[in-house]
Amino acid sequence: MKRHTISILMENAAGALSRVAGLFSARAYNIESLSVAPTEDPTVSRLTLVTRGSPEIIEQITKQLNKLVDVIRLIDLNEGSHIERELLMIKLRAIGGEQRDEMMRLVQIFGGRVVDVTESSYIVELVGDSEKLDAFIEAVSPKRILEVVRSGVLGILRGTKALRA
Amino acid sequence: MSQKLRGAEIFVRALIDEGVEFVFGYPGGSVLHIYDELYKQDRLKHILVRHEQGATHAADGYARATGKPGVVLVTSGPGATNCVTGIATAYLDSIPLVVFTGQVPTSLIGNDAFQEVDCIGITRPCVKHNFLVERVEDLAITIKKAFFVAASGRPGPVVVDIPKDVTANSCVYDYPETVEMRSYKPTSKGHPGQIKKAASMLMAAQRPMIYTGGGVVLDNAAAELTRFTRQLGYPITNTLMGLGAYPATDPQFVGMLGMHGTYEANMAMHHCDVLVAIGARFDDRVTGDLAKFCPEAKIIHIDIDPASISKNVRVDLPIVGSVSNVLAELSRHIDAEDFKPVDRASDPWWQQIREWQKLDCLHYDRASKLIKPQFVVETLYKVTNGDAYITSDVGQHQMWAAQFYKFDKPRRWINSGGLGTMGFGLPSAMGVQLAYPESPVACITGEASFVMCMQELSTCRQYSLPIKVVCLNNRYMGMVRQWQEFFYDRRYSHSYMDALPDFVKLAEAFGHVGYRIEYPGDVEGALREAFAAKDRLVFLDFITDQTENVYPMIAAGKGQHEMHLAPSSTSDRELA
């Protein structure tokens, strides 16, 4: 059950997202994460989703997605070399000098930034692939975590090859 | 040109410009502006059904018989939800329908307004595509797109949801000749290299088998298929949806395959070394247990839908393209090689097939004092010279119709294969009869299926549709009873219909003619009399043997070679 990141260009039309989501639920495929936003052409949205499945299931998923009338083009990023990024914002309890210092060191090690500070909390912003964000969350004591929000994965092919409408 | 028209008028003009002949519909609040425009013209013929499900099945029957998209017009809310079964029926069999549903005014959408449902959301999983028209300026182009999407590529139903204010607002009308959609580009030409390889594989086969489905009918490729099959001289089988695409009376035809297919078709599938699947989708009712499916075969699959390829069965050589196009190319290659069709008399594979055919798997008791349902279908075939349009409902009668009415032409056999919708038979026959008013149309049905949409008898009266309803009345939901007999120790749980109507009186109450036939000797006479009544719907209530089962049968989860045969033919053993 390999993990695949699929990038989809589709019409920025009402209901297009529900067609993609509906396809997954109707055929009992799972979606691990999903993110969607307009591209430089406001009539086109780019949707990136992460799913898992055998090669046969992934083949069916891409074929069924291609069949949706709103889908213009798609690519399974795992077929080539690509870059993936995800944004994490995490709200941590941070009380007292020792605790706050320790947390700042951890943020520095992971290359994150503190973007909000109160007397008793930090909000940390961290960008990276999903594994790096997982590792950061692992490294923080669960007792300190107040809230976690992740963007879902974005992906892009390396080199000059591009996914365009 | 620059004169502004109201949305309702644009709607009617667009349908006329699209070449629509019939609209099957039922009025209601959200579509009253449109109905007012329909009233003012006589180009579009509106057929008033008695329930919206009937409208979708009638439009579906029209589409299956003619190849043109069927058109439905209903109101919002319950009008739309009543269409869902019919839309799903068309979706599973890839039938082009354009279903227009009224919607509450845009200002009220989302307010739980009177007769509001999220029609786009409800129909999304059972349409090829659907559209919500938010502005009158988008109406004409959306209608154009709807017909284009419904009829092109792998066809299917398209829903267009039109809020009431869109039909009241005005704009300039301009119906485009063609439409381009960057996100929808169906392919038609197959890959030349793959086609060449397929031709070589086929010509080198020792035990070849041609397996074709509804895609051949949908693409009007019967002529190409017949040429291709005769060039090779190979055995051919059709799926339930593909019957008629190759003449059933031709000696190369070995019958339908699948759960209730012939012994010879299923055995030939199981033992073949090269299988070519054409416009067929390896449905579970065809393949049985996938692990045991065609164990020795290299498989070629020709289909217009890439998602059909290797969905259920891994294929060795896929060809994505329109069936007619690919078959014509294959024939060209076979011609170029100067290939001679195999000689059926001497070919060992054909000798083997003849051995299987000797089993006479469709045998039934012809001496019975009770009316055997198979006998009714055989007699119907004889009385209509095999040239009627036959619609059916779902169950045992459907299988007997498929087994015993030998379809020589495509688009003559109209049934709900994928969804298996009881109630489909009568309304779909209305669509067929309207398309071909001079042709004989029979609906082969069972008493349980028939009552699911019997209100359409009233529509048949209103439009004087002389359909012949051939009811194989065994007082049971026969297929349910058959499964309960085989797999549930004869515990006939709720499959017996108590208190059935008197169908003769029922037909008469709707203004038609009804006969009850209880003896085998009366079957042919009744059918002849019914078809002689050219201007009347006749309901023929055949009281048939309650215990008759459909054979052969592959139980769910079994392999194609593991068929139950009728007890009287050879023995009651399971053949393996």
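Letters A, B, ... mirror the listed sequences (proteins, then strands); counts begin at 1. Note that this is a predicted model, so its numbers are computed, not measured.
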Subject >> Residue selection (most heavy-atom pairs with chain A, distance under 4.5 Å) from B/Val149, B/Ile309, B/Ile120 >> reply: B/Ile309
**OP:** Look at A/Ser18, A/Gly15, A/Ser25 and state which one has the largest set of heavy-atom pairs under 4.5 Å with chain B.
**Re:** A/Ser18
Original post:
Out of A/Ile57, A/Asn66, A/Thr43, which one racks up the most heavy-atom pairs below 4.5 Å with chain B?
Top reply: A/Thr43
Measure [X] against the heavy atoms of chain A and call it side chain, backbone, both or neither at under 4.5 Å.
X	answer
B/Asn130	both
B/Arg124	side chain
B/Leu132	neither

Tell me if the [atom1] atom of [X] is crowded by more than 12 foreign heavy atoms within 6.0 Å.
X	atom1	result
A/Lys132	NZ	yes
B/Met181	CE	yes
A/Lys161	NZ	no
B/Asp112	CG	no
A/Arg3	CZ	yes

Original post:
How many angstroms lie between atom NE2 of B/His129 and atom CG of A/Leu68, to the nearest 0.5 angstrom?
Top reply: 9.0 Å
Original post:
Quick one: NZ on A/Lys63 to OG on B/Ser310, what's the gap to the nearest 0.5 Å?
Top reply: 5.5 Å
Original post:
Salt-bridged, B/Arg182 to A/Glu11, with N to O below 4.0 Å?
Top reply: yes
Original post:
Any Lys/Arg nitrogen of A/Glu59 or B/Arg314 sitting under 4.0 Å from an Asp/Glu carboxylate oxygen of the other?
Top reply: yes
Subject >> A/Glu56 and B/Lys311, any side-chain heavy atoms less than 4.5 Å apart >> reply: no
Original post:
Hey, does the side chain of A/Lys67 reach the backbone of B/Asp305 with a donor-acceptor pair shorter than 3.5 angstrom?
Top reply: no
**OP:** Check each atom of A/Val69 against the heavy atoms of chain B and say whether the ones under 4.5 Å are side chain, backbone, both or neither.
**Re:** both
